[in-house]
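Report on one structure; see the data block that follows.
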Amino acid sequence: MPDGTERILRMAALVYVGTGLALIGMLTLGYCIWAAVSAKRSGLADAELRSSLQRIVTINMGALLVSVLGLISVVMGIFLG
């Protein structure tokens with residue numbers, strides 16, 4: 001069984017890793033917004049625009065997953081620490 005100091009360090013590491021994941025997810029969400037606006041402004045044909053936006057939505061869902069996992073890690077690190 002780890003002593004108190006080691007446990008606090010582990011939970012702090014969990015918070016830092018979670019923060020990093022949440023930031024990566026947020027930056028990727030910002031990229032998705034930028035890419036969607038650029039695709040709409042580019043004047044692509046309907047089929048090409050749909051294809052581009054479908055790819056962006058896939059990236060967007062992955063970014064949301066990473067952000068949620070990061071936030072869960074932060075909350076677990078705070079509650080268990």
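Taking CG of Leu65 as the start and CG of Asn60 as the end, the distance is 11.5 Å to the nearest 0.5 Å. One finds the CD1 atom of Ile56 at 10.5 Å from the CD atom of Gln54 (value rounded to the nearest 0.5 Å). Here the OG-CG distance, from Ser67 to Leu21, works out to 8.5 Å after rounding to the nearest 0.5 Å.
Considering only heavy atoms from C-beta on, Ser73 stays 4.5 Å or farther from Val17 through its side chain.
Formation of a donor-acceptor pair under 3.5 Å by the Ser38 side chain with backbone atoms of Trp34 is found in this model. Proximity of a side-chain donor or acceptor of Arg10 to a complementary backbone N or O of Thr5 within less than 3.5 Å is not detected.
Grouping Ile, Leu, Val, Met, Phe, Trp and Tyr by side-chain contacts under 4.5 Å, direct or through others, puts Val74 with Val15, Ile78. Residue Leu23 shares its hydrophobic cluster (ILVMFWY side chains chained together at separations under 4.5 Å) with no other residue.
Under the side-chain contact (heavy atoms from CB on, under 4.5 Å) criterion, Thr28 pairs with Ile24, Ile59, Ala63, sequence neighbours left out.
Among all heavy-atom pairs drawn from Met76 and Met11, the shortest one is O-SD, 4.4 Å. Nearest heavy-atom pair, Ala39 versus Leu53, reported as atom, atom and distance to 0.1 Å: CB-CD2, 4.5 Å.
Met26 and Leu64 end up in the same hydrophobic cluster when Ile, Leu, Val, Met, Phe, Trp and Tyr side chains are linked at under 4.5 Å.
Checking each of Leu71, Val66, Ile72 against Val68 for a side chain to side chain contact (heavy atoms under 4.5 Å, CB included) leaves exactly one that passes, namely Ile72.
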